[in-house]
Protein chains: 2
Amino acid sequence: MNDRKQHVVKMAHQLFIDKGFQATSIQDILDYSGISKGTFYNYFSSKSELMIAIFKMTYADLEKQRNELLIGQDRTDIEIFIKQIELQLKTNRKNKLITLFEEVLVSNDIDLKQFIDQGRINNIRWIYERLLDIFGETKKPYLLDSAIMFMGLLRDNIKFFHIAHDTNANIGHVVRYSVRRLVNLVDELAETDEQLIQPEQLESWIPDCRKPDQLFQKKLHHSIYIMKNLLRHIEEQSKYMELLDFIEEELLDSKSPRKFLIESALLSLKAVDGSVWEKEWEPLEKLVVDFFKTEDEK
Amino acid sequence: MNDRKQHVVKMAHQLFIDKGFQATSIQDILDYSGISKGTFYNYFSSKSELMIAIFKMTYADLEKQRNELLIGQDRTDIEIFIKQIELQLKTNRKNKLITLFEEVLVSNDIDLKQFIDQGRINNIRWIYERLLDIFGETKKPYLLDSAIMFMGLLRDNIKFFHIAHDTNANIGHVVRYSVRRLVNLVDELAETDEQLIQPEQLESWIPDCRKPDQLFQKKLHHSIYIMKNLLRHIEEQSKYMELLDFIEEELLDSKSPRKFLIESALLSLKAVDGSVWEKEWEPLEKLVVDFFKTEDEK
DNA sequence: TATATATTTATACATGTAGTACAATATGAA
DNA sequence: TTCATATTGTACTACATGTATAAATATATA
């Protein structure tokens with residue numbers, strides 16, 4: 001990434017921190033960083049992509065600092081873990097990451113959502129592995145559950161502590177309180193031998209080669225789901241339902257989906273009236289086109 | 001709210017559930033519910049206001065169902081609490097409330113944010129009070145912390161359980177697992193005598209300093225409800241109904257209720273005949289007087 | 001039934017946003 | 001200097017929220 005681009009990222013991040021993601025327009029970013037629209041879209045294909053760049057940079061930095069805390073230290077020392085969590089919280093606060101996450105999670109941008117979700121899962125995984133360091137193999141079956149619940153209770157403790165005391169200080173106090181709950185949690189789970197989610201599940205959550213495919217699946221399913229709902233009050237709905245089902249099946253289950261059949265089905269579907277319908281039909285068609293484009297490249 | 005308006009709310013809610021709040025344009029709502037733009041803006045001043053209407057309706061319904069579960073039951077029975085939590089989760093899922101909350105929290109609409117935040121705090125308070133029923137006064141100092149952490153860990157348990165098993169079923173299993181953690185949490189906090197946030201804090205969260213407190217709201221609503229019933233067999237009832245509605249709305253929803261208008265409305269209402277009526281009119285007037293007295297003190 | 005009042009519709013309009021297209025211009029290395 | 005690449009400026013499309021208003025329609029009342 002060149003200096004100029006880096007500069008835009010920095011300026012945009014500042015604007016996002018000050019005004020929020022949604023409230024910052026592209027024009028704001030252009031003015032604030034002194035570039036033209038053309039250059040912006042040369043760098044990033046959208047505001048979302050710029051956001052991803054910001055997240056990536058911030059998280060790379062966090063990870064680096066986080067690992068530095070471990071250098072030459074005892075991995076089983078829970079005090080180091082506490083310091084790492086505090087670091088993470090401070091980074092979050094400094095960069096308004098939580099707020100930006102939330103904003104972004106609702107921005108109708110599936111790619112961006114995917115990115116954030118993956119980030120969260122990575123974070124859970126990091127905590128899980130640190131807990132494995134600290135509590136040892138014997139507690140392993142309970143540590144994914146513990147990691148998940150720890151993140152949940154920590155987040156809300158921070159949130160409401162902040163509301164109650166209206167201060168950013170004393171975060172350390174909240175972290176220590178929450179970690180004590182975590183320790184108790186692990187002990188109790190081991191004692192009663194209760195497990196909600198197996199740590200092995202983590203492996204299937206990690207990004208792998210099938211990920212883009214899964215994303216496509218999700219998008220397709222979502223699109224078709226919505227269109228089915230729209231059909232509810234339309235005559236001949238069953239015919240169109242069948243067409244939609246056929247497209248989904250042919251694309252997801254068939255080894256070599258028959259392009260001509262799917263295109264014909266799409267055309268028949270286009271005949272349905274209504275502007276809402278039309279607005280939903282288009283992305284479906286785009287999905288199909290993209291599907292066959294990448295299919296040809298293989 | 002008249003039938004037509006109700007119909008619009010219903011159709012819009014469906015669209016929000018299917019496509020999300022942001023992704024649904026006003027035009028979509030117009031098409032789907034078959035009204036014109038003029039009518040829409042006659043009903044609601046914005047999409048946000050429509051959203052508030054949806055939230056209010058859904059939550060009123062949830063609260064009703066939730067209380068019905070308690071009728072004739074033992075408040076200390078944790079099984080009832082579990083049923084109530086499950087009900088809440090099901091309502092959330094059915095109405096995509098979590099998603100809509102998140103969407104709305106970033107919509108640059110202060111009133112809407114305020115509304116949602118208050119709703120969350122109310123929820124915490126409700127849980128706190130139920131925990132007080134279940135665990136008793138002796139555990140009181142730890143129950144607000146417990147309520148907060150319970151909400152946090154429950155939410156994430158549900159979320160990741162859903163990711164892991166890709167199913168909406170077995171919510172009950174997750175709830176029970178989480179409630180067992182809650183019980184252990186309360187015990188442990190009492191044993192080690194640790195406290196993060198004092199339950200007394202709740203009181204300061206409830207009244208948004210500009211809005212009347214809940215007790216006042218309840219009293220007002222009750223008083224107006226009774227008076228409306230009395231009006232049933234009286235001529236010009238609709239005029240008086242409107243006056244009553246106006247008073248309630250102006251006192252509860254307006255940032256700076258117009259004293260002169262409310263007093264004038266009260267005077268008009270006094271004109272209704274009947275000794276029973278008079279007996280109900282007086283407490284209402286007292287409520288209003290008290291309201292403006294405390295308002296002036298601020 | 002006739003008339004006044006309120007509601008609803010249809011349409012045009014103002015404003016703001018994201019993103020595209022493209023010719024003109026600047027920059028920097030061979 | 002030349003040539004490829006980066007950048008700019010401007011115009012354009014498309015779509016969104018929300019306002020304004022005259023005309024049509026429905027409702028209540030006398």
Side-chain angles (χ1 to χ4, degrees), chain A residues 1-9 11-12 15-16 19-54 103-104 106-112 274-283 285-286 290, chain B residues 1-9 11-12 15-16 19-53 103-104 106-112 234-243 245-246:
Chain A
M1 202 183 287
N2 66 51
D3 283 357
R4 206 179 156 83
K5 193 170 168 183
Q6 199 100 28
H7 176 249
V8 176
V9 170
M11 294 295 103
L15 282 176
F16 289 165
K19 311 180 30 168
F21 177 69
Q22 315 250 353
T24 302
S25 70
I26 305 268
Q27 196 56 52
D28 291 338
I29 298 169
L30 304 185
D31 295 346
Y32 197 61
S33 53
I35 58 162
S36 73
K37 204 171 212 178
T39 305
F40 180 90
Y41 281 102
N42 181 26
Y43 287 158
F44 313 100
S45 71
S46 67
K47 213 163 76 169
S48 298
E49 211 183 88
L50 165 60
M51 191 75 244
I52 287 186
I54 291 174
E103 281 203 66
V104 141
V106 298
S107 65
N108 307 321
D109 187 309
I110 290 190
D111 293 324
L112 193 38
S275 65
V276 187
W277 173 265
E278 235 178 275
K279 223 174 275 167
E280 289 306 328
W281 182 87
E282 276 162 20
E285 199 236 15
K286 195 174 173 305
D290 286 353
Chain B
M1 203 184 286
N2 65 50
D3 284 356
R4 206 177 157 83
K5 193 170 169 184
Q6 199 101 25
H7 177 250
V8 176
V9 170
M11 293 296 103
L15 282 175
F16 289 164
K19 312 183 27 169
F21 177 69
Q22 318 248 356
T24 301
S25 68
I26 304 265
Q27 195 56 52
D28 291 339
I29 297 169
L30 304 185
D31 294 346
Y32 199 60
S33 53
I35 58 161
S36 73
K37 204 172 212 178
T39 305
F40 180 90
Y41 281 101
N42 181 26
Y43 288 158
F44 313 99
S45 71
S46 68
K47 215 163 76 168
S48 297
E49 210 184 88
L50 164 60
M51 192 75 245
I52 287 188
E103 282 203 66
V104 143
V106 298
S107 67
N108 307 321
D109 186 308
I110 290 189
D111 290 328
L112 196 36
I234 281 188
E235 47 190 17
E236 291 188 279
Q237 55 156 279
S238 71
K239 175 183 134 195
Y240 293 118
M241 291 276 195
E242 276 164 23
L243 280 171
D245 281 337
F246 169 78

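What you are looking at is a predicted structure, and each value in this text was computed from that prediction instead of being measured. Both backbone and side-chain heavy atoms feed into the values below; hydrogens, waters and symmetry mates do not.
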Atom-to-atom span, [atom1] of [X] to [atom2] of [N] - whole angstrom:
X: A/Q22; N: D/dA16; atom1: CD; atom2: P; result: 16 Å
X: A/L30; N: C/dT17; atom1: CG; atom2: C1'; result: 12 Å
X: B/F44; N: D/dG18; atom1: CZ; atom2: P; result: 13 Å
X: B/I29; N: D/dG18; atom1: CD1; atom2: P; result: 10 Å
X: B/D3; N: C/dT7; atom1: CG; atom2: P; result: 15 Å
X: B/D31; N: C/dA10; atom1: CG; atom2: C1'; result: 14 Å
X: B/E242; N: D/dA28; atom1: CD; atom2: C1'; result: 13 Å
X: A/K47; N: C/dG19; atom1: NZ; atom2: C1'; result: 12 Å

For A/R4 against A/G34, the heavy-atom pair lying closest together: NH2-O, 4.3 Å
For the student: nearest non-hydrogen atoms of B/E49 and B/F44, plus distance: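 So the two residues come closest at OE1-CA, 3.7 Å.
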Check: B/S25 main-chain N/O paired with B/D28 side-chain donor or acceptor under 3.5 Å: yes
B/K47 to B/F40, cation-pi by 6.0 Å centre distance and 45° axis angle: no
Side chain of [X], heavy atoms from C-beta onward: which of [options] has the nearest atom to it?
X: A/S36; options: D/dT17, D/dG9, C/dG19; answer: D/dG9
X: B/S46; options: D/dT17, D/dT7, D/dG18; answer: D/dG18
X: B/S25; options: C/dT8, D/dT17, D/dA6; answer: D/dT17
X: B/R4; options: D/dG18, D/dT7, C/dT9; answer: C/dT9
X: B/Y41; options: D/dT8, C/dG19, D/dT19; answer: D/dT19

With sugar-phosphate meaning primed atoms plus P, OP1 and OP2, does [X] contact a base, only sugar-phosphate, or nothing at under 4.0 Å between heavy atoms?
X: A/Y43; value: sugar-phosphate
X: B/K37; value: base
X: A/T39; value: base
X: B/F40; value: nothing

Within-4.5 Å side-chain heavy-atom neighbours: B/Y43 and B/V9: no
Note, B/T39 side chain near B/V8 side chain (heavy atom, < 4.5 Å): no
Other residues, nucleotides, ligands: >12 heavy atoms within 6.0 Å of B/N2 CG: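 It does: B/N2 CG has more than 12 such atoms within range.
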Rounded (10°) bend between the five-pair end axes of the helix from C/dT1-D/dA30 to C/dA30-D/dT1: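 Answer rounded to 10°: the end axes differ by 10°.
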